[in-house]
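Here the structure comes first, spelled out in C-alpha cells, and everything after it is commentary.
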Amino acid sequence: MDRNAANDYRIIAHELQAFSPELAARPVIIAANKMDMEGSEEGLRALQEAVSPHVVWPISALSGAGIDALMWEVRRVLDITPKPEVQTVEPALKPVVHGFSLEFDDKEGVRVVGDIEERASMTLWGNPHAEEYFLEYLRRRGLEGMLRRAHVADNTPVRIGEGTFYWREGELVLE
C-alpha cells in the first residue's frame with residue numbers, strides 16, 4: 001500500500017493544532033525521505049503542491065543526499081525563530097504515605113487506604129492478568145494477614161481503588 005504523504009501531513013498538522021495551537025504556529029520544515037527510490041519524484045511533486053507555500057526538502061537517508069542542505073535550513077530557521085516562553089510549572093507534591101490501613105463500612109465492606117491505592121490506580125482493571133498480578137502484590141504486602149487479624153467476615157468485599165476483591169475462607173480472591 002502506497003502512503004499518501006500529503007494526507008499524512010494534513011493529519012499530523014490537524015493533530016498538532018488540536019494538541020497545541022502555539023506549537024502548530026511554529027515554523028515548519030518538511031523533509032521528503034526515500035528520494036532514492038524509483039517513482040519518488042511524482043510523490044515529491046504531489047507533496048509540494050499539497051503543502052504549498054511550505055518548502056519540501058527532498059532527502060535520502062540511505063544515500064545521504066539532501067541531508068546537509070536540510071540541516072543548514074534547520075539551523076537557519078532556529079536562528080531566526082524567537083524562542084518560546086518557557087512556562088515553569090511547580091510540581092504538585094503528594095505527601096508520602098507509607099503503609100496502609102483498613103476502613104470498615106457495613107454497606108461497602110472493607111476499603112484499603114494508603115500507599116496501596118497508588119499502585120491500584122496503575123492497575124488495568126478488567127484485565128485478568130493485571131488483576132492477578134495486583135492480587136499477588138497485595139498478598140506480598142501482607143493484606144491477607146491484616147484481614148485475618150481484623151476478623152473480617154467471610155464473603156466481605158475488599159475495595160482498593162477501582163478494584164474489588166473478596167475475602168473468602170481466609171484468603172483474598174478475585175470474583
For [X] versus [Y], what's the shortest heavy-atom pair and its separation?
| X | Y | value |
| --- | --- | --- |
| V56 | A32 | CG1-CB, 3.7 Å |
| V112 | E117 | O-CG, 3.6 Å |
| P27 | V77 | CB-CG1, 3.7 Å |
| A153 | W167 | O-CD1, 3.6 Å |
| P157 | R159 | CB-NH1, 3.4 Å |
| L147 | V158 | CD1-CG2, 4.2 Å |

What I'd like to find out is whether the side chain of [X] reaches to under 4.5 Å of the side chain of [Y], using heavy atoms alone.
| X | Y | value |
| --- | --- | --- |
| F104 | T156 | no |
| L143 | L102 | yes |
| P84 | R26 | yes |
| M122 | F134 | no |
| D115 | R141 | yes |
| I30 | V55 | no |
| F100 | M146 | yes |
| V173 | F165 | no |

Determine, stepwise, if the pair E42 / R45 fulfils salt bridge (Lys or Arg N to Asp or Glu O under 4.0 Å).
CA-CA 5 Å; E42 291 174 33; R45 280 191 293 280; 5.4 Å; no
Any chain of hydrophobic side-chain contacts (each under 4.5 Å) joining [X] to [Y]?
| X | Y | result |
| --- | --- | --- |
| I59 | M37 | no |
| L172 | I116 | yes |
| L70 | I12 | no |

For N155, what residues pass the side-chain hydrogen bond (donor to acceptor under 3.5 Å, both in side chains) criterion, not counting sequence neighbours?
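Partners of N155 by the side-chain hydrogen bond (donor to acceptor under 3.5 Å, both in side chains) criterion, ordered by chain and then number, come out as R168.
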Residues at least two apart in sequence or cross-chain that pass side-chain hydrogen bond (donor to acceptor under 3.5 Å, both in side chains) with D36, listed by chain then number, are S60
Distance in Å, [X] [atom1] paired with [Y] [atom2], rounded so as to fall on 0.5 Å steps:
| X | Y | atom1 | atom2 | value |
| --- | --- | --- | --- | --- |
| E131 | T164 | CD | OG1 | 9.5 Å |
| I160 | L138 | CD1 | CG | 4.0 Å |
| S52 | H54 | OG | NE2 | 9.0 Å |
| R10 | E15 | CZ | CD | 14.0 Å |

Do other residues, nucleotides or ligands put more than 12 heavy atoms under 6.0 Å from Y133 OH?
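It does not: Y133 OH has 12 such atoms or fewer within range.
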E162 atom CD, over 12 foreign heavy atoms within 6.0 Å
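No, not enclosed.
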Ignoring hydrogens and geometry, is there a side-chain-to-backbone donor-acceptor pair from T123 to W125 under 3.5 Å?
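No; zero donor-acceptor contacts below 3.5 Å.
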Under 3.5 Å, side chain of W57 to main-chain N/O of I67, donor-acceptor pair present?
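No, W57 side chain to I67 backbone: no donor-acceptor pair under 3.5 Å.
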Across all chains, not counting sequence neighbours, the side-chain contact (heavy atoms from CB on, under 4.5 Å) partners of N127 are L124, H129, A130
Could E144 and R139 be called an ion pair, given the rule that one side-chain N must be under 4.0 Å from one carboxylate O?
yes
Test side-chain contact (heavy atoms from CB on, under 4.5 Å) on M35 and S40; report intermediate values, then the result.
CA-CA 5 Å; M35 293 306 300; S40 60; 3.7 Å; yes
Less than 6.0 angstrom from the centroid, inside 45 degrees of the normal: does R119 satisfy that with respect to the ring of Y137?
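Cation-pi check for R119 and Y137: passes.
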side-chain contact (heavy atoms from CB on, under 4.5 Å) between E73 and I29, intermediate numbers included
CA-CA 8 Å; E73 176 63 6; I29 298 175; 4.3 Å; yes
